[in-house]
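Reviewing the structure listed below.
Hydrogens, waters and symmetry mates play no part in the numbers below; they use all other heavy atoms, side chains included.
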Amino acid sequence: MARQPTSTHRALAQVTRMADVHVEKTAQPESLAPAQPVTAADVVVIERLILHSLNNATGKILLVNEIAELDERSDAYFADQIASAMRRADWQARFAPDDDEIPQLCRRLLADANDFVVASQFLANKLFEQMSKRAQQITPGDFVVAVFRFAGASERQIALLKLDPDDQRLIREYRIVGERLTVRISVAQNLLPESKRLQKCALLRPAAGDTDFEVTLLDTQAGPRSDGVAAFFYRGFLHATLAPSARRRTRLFLSCTETWLAQRAASFTPAQILAFYRARREALRGEAMSLPAFAEAALASEGDLQRDLVAMLSSRLFEGDERADTFEVDRAAAETVTRMVTLELDGGLQIRVDAARFDELAHVDGVRTAEGKIRVVVESLTLREVASG
């Protein structure tokens with residue numbers, strides 16, 4: 001078994017004299033209710049979790065020696081963080097083929113509890129080293145390592161989270177038992193967790209044969225052209241390269257087509273605008289998106305505009321020397337427009353209609369009024385105001 005990092009002992013010495021380690025206790029809180037209904041397949045079950053404190057601004061690192069103690073609320077807090085990362089992550093990553101150190105440590109996380117602790121400490125040291133190189137640019141925080149699975153499934157996965165400081169919500173109670181540092185984590189009862197604050201997380205799923213991992217990355221600074229501080233997590237720490245996922249390309253396609261149309265909408269008739277959106281919905285219902293086919297359907301008989309649209313989309317969706325005109329559609333991202341049509345009008349007014357019934361329920365004049373406005377007529381047998389809350 002590998003020897004524990006020597007900085008563990010330095011951390012133990014530090015914590016005994018650190019007056020700035022904040023220790024609080026709270027009453028046992030009620031469990032956190034999920035923000036929205038979820039199925040069993042969506043429920044994250046945390047099997048083991050550990051939290052190390054990385055303060056690169058002061059040069060102090062606290063490496064915990066035991067799996068963290070979680071109460072019901074803190075367990076739900078971290079499960080929500082992982083579930084949020086699953087929903088938001090839009091990069092795929094590959095470990096460097098000539099460097100197996102990080103994958104080996106990650107494989108040890110799935111072994112017994114002692115291997116999990118030691119491997120997490122090595123990983124924490126590696127992340128701390130990267131953070132310390134730019135101590136004034138990178139925010140200190142917690143490094144959380146978790147082994148989890150989904151309810152009803154046996155496959156175990158790994159989450160590596162770099163959390164920015166959240167002393168209002170997370171209450172960490174450090175203790176020294178003999179020469180071992182432990183941490184008990186609870187969540188403030190009067191504050192809801194903010195999973196969207198999570199900026200960096202790697203989700204690792206064992207690939208066939210357990211010799212490699214499928215890596216999904218949440219990193220708001222990531223990009224093939226990013227360098228320095230922007231790449232410290234995925235490139236400096238993980239030694240990984242990026243590949244846009246189907247989710248990222250589908251989201252980029254939606255935002256880029258919206259921007260492209262907004263820049264030209266004033267010269268389009270309402271009928272042309274609706275035709276563009278209708279073609280976009282239809283194209284997103286397929287397994288793969290052909291940019292030329294979409295452009296032809298969206299901009300009939302407008303060859304110059306079609307070529308302009310395809311060129312813009314290809315340059316934004318495919319990085320570097322990679323140039324293609326087809327990408328895989330992510331179903332969850334596509335359904336934000338294929339299931340419901342949401343029209344935004346002046347003053348923030350929105351109309352939401354089931355996409356299958358849009359033509360039946362909403363009527364948009366094909367040409368603008370004399371004042372250049374778009375006339376929308378909605379027919380309904382009912383009319384009621386919906387109270388929120």
Test: Arg280 and Glu258 ion pair at under 4.0 Å: yes
Distance, nearest 0.5 Å, that separates CD of Gln130 from CD1 of Ile138: 8.0 Å
Where Ile374 and Pro270 come nearest, the two heavy atoms and their spacing: CG1-CG, 3.8 Å
Side-chain H-bond candidate by donor/acceptor type, Arg172 with Ser53, under 3.5 Å: no
Expected output: side-chain Arg264 to main-chain Trp260 donor-acceptor under 3.5 Å: yes
Within 6.0 angstrom of Arg94 CZ, more than 12 heavy atoms from elsewhere: no
Distance flag, aromatic centroids of Phe253 and Phe294, threshold under 6.0 Å: yes
Exam field: side chain Asp354 to backbone Ala356, donor-acceptor pair closer than 3.5 Å: yes
Heavy-atom pair with the smallest gap, counting every atom of Arg368 and Ala265: NH2-O, 2.9 Å
Whether Phe233 and Phe237 hold their rings parallel, tilted or perpendicular, with breakpoints at 30° and 60°: tilted
Worked check of side-chain contact (heavy atoms from CB on, under 4.5 Å) between Leu63 and Phe128: CA-CA 11 Å; Leu63 296 177; Phe128 184 70; over 6 Å; no
Straight-line distance of Ser74 OG to Ile171 CD1, nearest 0.5 Å: 10.0 Å
Cation-pi geometry met for Arg48 and Phe116 (6.0 Å, 45°): yes
Side-chain donor/acceptor of Arg331 to backbone N/O of Leu284, under 3.5 Å: yes
Asp359 bridged to Arg278 by N-O distance under 4.0 Å: yes
Main-chain N/O of Asn65 paired to Arg180 side chain as donor or acceptor, under 3.5 Å: yes
Sidechain N-carboxylate O distance under 4.0 Å for Arg107, Asp100: yes
Donor-acceptor contact below 3.5 Å, side chain Thr216 vs main chain Ala89: no
Inter-residue atom distance Phe143.CZ - Ile50.CD1, 0.5 Å rounding: 10.0 Å
Any donor-acceptor pair under 3.5 Å from His52 side chain to Val64 backbone: yes
Neighbour count above 12 (heavy atom, 6.0 Å) for Gln136 CD: no
Whether Asn56 side chain and Met131 backbone form a donor-acceptor pair below 3.5 Å: yes
Lys/Arg-Asp/Glu bridge criterion (N-O < 4.0 Å) met for Lys126, Glu129: no
Residue among Val44, Leu170, Val187 satisfying side chain to side chain contact (heavy atoms under 4.5 Å, CB included) with Phe78: Leu170
Backbone of Val310 reached by a side-chain donor or acceptor of Ser314 within 3.5 Å: no
Inter-residue atom distance Arg247.CZ - Arg88.CZ, 0.5 Å rounding: 11.0 Å
Spatial distance of atom CG (Leu317) from atom CG (Leu252) [nearest 0.5 Å]: 5.5 Å
Steps toward side-chain contact (heavy atoms from CB on, under 4.5 Å) verdict (Leu160, Leu109): CA-CA 11 Å; Leu160 308 177; Leu109 295 174; 4.1 Å; yes
Backbone N/O of Ala135 and side chain of Ser132: donor-acceptor pair under 3.5 Å: no
4.5 Å side-chain heavy-atom contact, Leu123 and Ile102: yes
Backbone N/O of Ser255 and side chain of Thr259: donor-acceptor pair under 3.5 Å: yes
Residues, nucleotides or ligands: over 12 heavy atoms within 6.0 Å of Glu360 CD: yes
Arg108/Asp115 salt bridge by N-O under 4.0 Å criterion: yes
